[in-house]
Amino acid sequence: MRTILFRYQTTGLNPHEVALVGIAFSYKKHEAYYVPIPENKAGAALIINDLKPALENPKSIKIGQNIKYDILVMQNHGVKVQGQLFDTMIAHYLLHPSKKHKMDTMAETELNYSPVAIETLIGKKGKKQRSMKDIAPEKVKEYAGEDADITMQLKHTLYKQLKNEDLLKLAEEIEFPLIQVLADMEAAGIYMNPSTLSSFEKELEANIEKTVSKIYDIAGETFNIASPKQLGIILFEKLKVSDKPKLTKTKQYSTSEQELSKLKGKHEIINLILSFRSNSKLLSTYVKALPLLISKKTGRIHTSYNQAVASTGRLSSTNPNLQNIPIRTAEGKRIRKAFEPADQNHILLAADYSQIELRLIAHLSKDQAMLAAFNNNEDIHTATAAKIYEIPEKEVSREMRSNAKSANFGIIYGISAFGLSENLGISRSEAKQLIDGYFKTYPAVKDYMKANVDFARKHTYVETIFGRKRYLKDINSANSMVRSAAERNAINAPVQGTAADIIKIAMIKCAILLKENNLKTKMLLQVHDELVFDVPKEELKKVKILISEAMEHSAQLSVKLIVETGTGQNWLDAH
DNA sequence: GTATATTAC
DNA sequence: TCCTAGTAATATACC
């Protein structure tokens, strides 16, 4: 049996808060049914109760567009959707990772059909837009039925295409099973202690106020420091802090952190501007914004993972983005400290892959020197420096290690002498020498990079170990800049993408293991190479081993995968 | 909506 | 000499 479920929201797009207006079903193409759900709780519960067995039947396949949303909405109505999933949005993402995956456009490109827009029903976006619950069910029926039918039709064509492109395994074994794992993570949420941030908020505000008045004093006038345009004029025309200011592509003065850092010693105002910038960023993006996203219902923060945006296969996180919580600076660390376990009986466990992308380069290139460095458990950056500079590891200076580290990262990004020189603040010829030394050290890495670019030129795509593709239409472009960018993508995508595949496999394995062992531990966050768990203290010993082994054995490579774990009463201390 | 800047991996 | 290091999200200014 095939089931398609559909949903309507009243209070917006947040699946944790919306009320269900109705569900549309389709079992086969060109046929659909609509079940309106009454507003009153008792009436709704009666109907949902009737639908529950079908949705919880583990033997039927559930098809939908962005099913994670439906699963979360149903979960809030007491229905635990089970069974195999097929998501048309994700299927299309696997086929065309760099395109958009909205249902209306897919209907046009895949089915040559233009569906009725939701706006014809509820009006255009804005204050006047009506809620779905205010539309007569007879009208909703037509819209919802069409929607369900289109999803069913899309499923059929996308399934065939996945099969033809050898993407079915990736879809059925990784992406579709991951949907439920992500839904559970989002539903769990993470606890954030608002009092940790409220004291920090006052400190930051006082600090910013002081900095602002100092900047006005030095500038001799008041202006909007947050406006790059106004700031540029003050810095480069009035105060003349640089002889040849760098311009942005729109010919404005560049006031980027990178450019201002170069001018640090030139003028006392620079450090004040940098301090203003970093404090304002912390205040507006994190300290003020995060507490507003604490759910009134659960008291926790529920991020949303997007499984269909990043062209390489990575996840992304929104509302809020919990994948870019600060960690590098002392001030930033205070934000990470606010994320805590559920209660005194729990502890946060963070497990992250050590150097997964470089390890993948070692595996993919089969470079003997790099493989040996990893398999001997050496510090890869120190080992790289020793080889490049032809000295024993003991004699590697901090600067040499730092150069080697930048070169290692550069390789992952598709290195260029210009990019490396900008990153390290050295000349382009010095960067060139460093790169030459690097390729002499790891010759197979150079061959691997070239092989990837050649493959891309021939096939106009590159792929990960697990067959995830990324199309590179510009790989043969006549424009050298456009072409070079595609070449860097050809090098980066298989590496970043394989790392994404591996952690997704690990997440599915972890979820299964936690369930099989009847553990109460919950997976909360994924940050590209890291997983964060909320662990009852009595489970810690067992869970730590279970998780790290599952992660380390998610792929069989010619290089060992190493997972480092940490625990703590907050996310910072768990590192 | 686009540009600029900053945060993370 | 031009111009370029990979992947994201969010906040603010400015049109």
Side-chain angles (χ1 to χ4, degrees), chain A residues 97-98 223-232 246-261 273-274 276-290 293 303-306 308-329 331-333 335-336 352-358 361 406-424 428 431 435 449 462 470 472 479-497 499-500 503 525-530 571:
Chain A
S98 306
F223 64 101
N224 187 349
I225 307 168
S227 159
K229 196 175 171 185
Q230 294 181 40
L231 178 63
K246 201 187 159 193
L247 301 178
T248 66
K249 60 182 169 189
T250 51
K251 310 284 182 232
Q252 265 193 61
Y253 296 115
S254 169
T255 66
S256 68
E257 205 263 351
Q258 200 183 11
E259 291 308 308
L260 295 187
S261 284
I273 302 285
L274 290 170
F276 171 86
R277 282 259 179 83
S278 65
N279 286 333
S280 309
K281 175 71 176 177
L282 292 179
L283 189 64
S284 64
T285 307
Y286 305 104
V287 177
K288 275 178 176 292
L290 289 175
L293 291 163
T303 184
S304 174
Y305 288 102
N306 199 329
V309 278
S311 320
T312 54
R314 272 189 178 184
L315 298 176
S316 74
S317 155
T318 57
N319 277 310
N321 181 355
L322 294 184
Q323 292 181 321
N324 72 349
I325 299 301
I327 192 167
R328 290 171 197 186
T329 67
E331 294 78 23
K333 284 186 164 80
I335 291 162
R336 219 166 248 249
D352 54 299
Y353 283 109
S354 162
Q355 305 290 354
I356 187 166
E357 293 190 345
L358 267 185
I361 287 188
S406 284
N408 275 328
F409 274 108
I411 290 299
I412 296 168
Y413 298 152
I415 204 158
S416 72
F418 180 87
L420 187 63
S421 68
E422 280 286 301
N423 181 282
L424 280 170
R428 221 174 298 184
I435 293 172
M449 291 168 66
V462 287
R470 176 167 183 184
L472 299 166
N479 180 331
S480 71
M481 219 163 66
V482 172
R483 191 176 62 246
S484 303
E487 288 171 0
R488 290 193 292 273
N489 288 155
I491 293 160
N492 171 267
V495 179
Q496 197 180 111
I503 197 166
L525 304 176
Q526 190 252 43
V527 192
H528 309 307
D529 64 357
E530 171 189 12
W571 190 8

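In the text below, chain A, chain B and the rest are named by the order of the sequence lines, each starting its count at 1. When reading the values below, keep in mind they use all heavy atoms of this one structure, side chains included, and skip hydrogens, waters and symmetry mates.
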Colleague: Start at the 5' end of DNA chain C and walk down; is the nucleotide closest to A:N319 or to A:Q496 reached first?
Modeller: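 This one resolves to A:Q496.
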
Colleague: Please check the phosphate of C:dC15 (OP1 and OP2 only) for any side-chain N or O of A:K229 closer than 4.0 Å.
Modeller: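 Indeed, a polar side-chain atom of A:K229 lies that close.
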
Colleague: Does a side-chain N or O from A:Q230 land closer than 4.0 Å to OP1 or OP2 of C:dC14, or not?
Modeller: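 The answer is yes; a side-chain N or O of A:Q230 sits under 4.0 Å from OP1 or OP2.
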
Colleague: Taking CD from A:E257 and P from B:dT7, how many angstroms apart are they, rounded to a whole number?
Modeller: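 These atoms are roughly 7 Å apart.
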
Colleague: Reading DNA chain C from 5' onward, which residue's closest nucleotide shows up sooner: A:A310 or A:K251?
Modeller: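 First, find each residue's nearest nucleotide; the 5'-ward one identifies A:K251.
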
Colleague: Roughly, in whole Å, what's the span from OH in A:Y253 to P in B:dT4?
Modeller: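 These atoms are roughly 15 Å apart.
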
Colleague: Taking only side-chain nitrogens and oxygens of A:R488, does any of them come within less than 4.0 Å of OP1 or OP2 of C:dG6?
Modeller: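 Looking at the OP1 and OP2 atoms of C:dG6, one of them is under 4.0 Å from a side-chain N or O of A:R488.
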
Colleague: Using atom CE of A:M481 as one end and atom P of C:dT1 as the other, report the distance to the nearest whole Å.
Modeller: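 Atom CE in A:M481 sits about 18 Å away from atom P in C:dT1.
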
Colleague: For A:I225, does its backbone N or O pair with a side-chain atom of A:Q230 as donor and acceptor, under 3.5 Å?
Modeller: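 No; zero donor-acceptor contacts below 3.5 Å.
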
Colleague: Once you round it to whole Å, what is the distance between P of C:dC3 and CD of A:E422?
Modeller: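 Rounding to the nearest Å, CD of A:E422 and P of C:dC3 are 12 Å apart.
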
Colleague: The side chain of A:A226 lies closest to which of these nucleotides: C:dC15, C:dT12, B:dT7?
Modeller: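 Selected nucleotide (nearest to the side chain): C:dT12.
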
Colleague: What do you reckon, do A:Y413 and the base of C:dA5 stack, with centroid distance below 5.5 Å and planes below 30°?
Modeller: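 Here A:Y413 fails the 5.5 Å or the 30° condition.
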
Colleague: Whether A:N489 contacts C:dT7 is assessed here as follows: a side-chain N or O lying under 4.0 Å from the phosphate OP1 or OP2. Is that the case?
Modeller: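 For A:N489, the contact criterion (side-chain N or O under 4.0 Å from OP1 or OP2 of C:dT7) is met.
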
Colleague: Rounded to whole angstrom units, what separation is found between the CD atom of A:Q526 and the C1' atom of B:dC9?
Modeller: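 Distance check: A:Q526 CD to B:dC9 C1' gives 10 Å.
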
Colleague: Could you work out which one of C:dA9, C:dT12, C:dG6 sits closest to the side chain of A:N492?
Modeller: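 Output: C:dG6.
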
Colleague: To the side chain of A:P326, which of B:dT7, C:dC3, C:dT12 is closest?
Modeller: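 For A:P326, the side-chain atoms sit closest to B:dT7.
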
Colleague: Does A:T248 make a side-chain N or O approach to OP1 or OP2 of B:dT4 shorter than 4.0 Å?
Modeller: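 Yes, because at least one side-chain N or O of A:T248 sits under 4.0 Å from OP1 or OP2 of B:dT4.
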
Colleague: Taking 4.0 Å as the cut-off, does a side-chain nitrogen or oxygen of A:T318 come that near to OP1 or OP2 on C:dA9?
Modeller: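 No, because none of the side-chain N or O atoms of A:T318 sits under 4.0 Å from OP1 or OP2 of C:dA9.
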
Colleague: Check the distance between B:dC9's P and A:Q355's CD and give it to me in whole angstrom.
Modeller: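 Roughly 12 Å, once rounded to whole Å.
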
Colleague: Could you state the atom-to-atom distance from CG of A:N279 to P of C:dT12 in whole Å?
Modeller: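 My rounded result for the distance is 14 Å.
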
Colleague: Answer with yes or no whether A:R314 presents, from its side chain, a donor or acceptor under 3.5 Å of a partner atom in the base of C:dT7.
Modeller: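 Pair found.
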
Colleague: Could you work out which one of C:dC14, B:dC9, C:dT7 sits closest to the side chain of A:R328?
Modeller: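 So the side chain of A:R328 is nearest to B:dC9.
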
Colleague: When you measure from the side-chain N and O atoms of A:N224 to the phosphate of C:dA13, is any distance below 4.0 Å, counting only OP1 and OP2?
Modeller: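 Affirmative; the distance criterion is met.
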
Colleague: Choose from B:dC9, B:dT7, C:dC14 the nucleotide whose nearest atom is closest to any side-chain atom of A:K281.
Modeller: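 Looking only at side-chain atoms, A:K281 lies closest to B:dT7.
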
Colleague: Using a cut-off of less than 4.0 Å, is there contact between a side-chain N or O of A:S227 and OP1 or OP2 of C:dC14?
Modeller: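 Yes, because at least one side-chain N or O of A:S227 sits under 4.0 Å from OP1 or OP2 of C:dC14.
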
Colleague: Which nucleotide in the set C:dA9, C:dT4, C:dT10 lies at the smallest distance from any side-chain heavy atom of A:S416?
Modeller: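 Nearest to the side chain of A:S416 among the choices is C:dT4.
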
Colleague: Grab the NZ-C1' distance between A:K249 and C:dT4 for me, whole Å please.
Modeller: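 A:K249 atom NZ is separated from C:dT4 atom C1' by 12 Å.
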
Colleague: Establish, with yes or no, whether the OP1 or OP2 oxygen of B:dA5 is under 4.0 angstrom from a side-chain nitrogen or oxygen of A:T255.
Modeller: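 For A:T255, the contact criterion (side-chain N or O under 4.0 Å from OP1 or OP2 of B:dA5) is met.
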
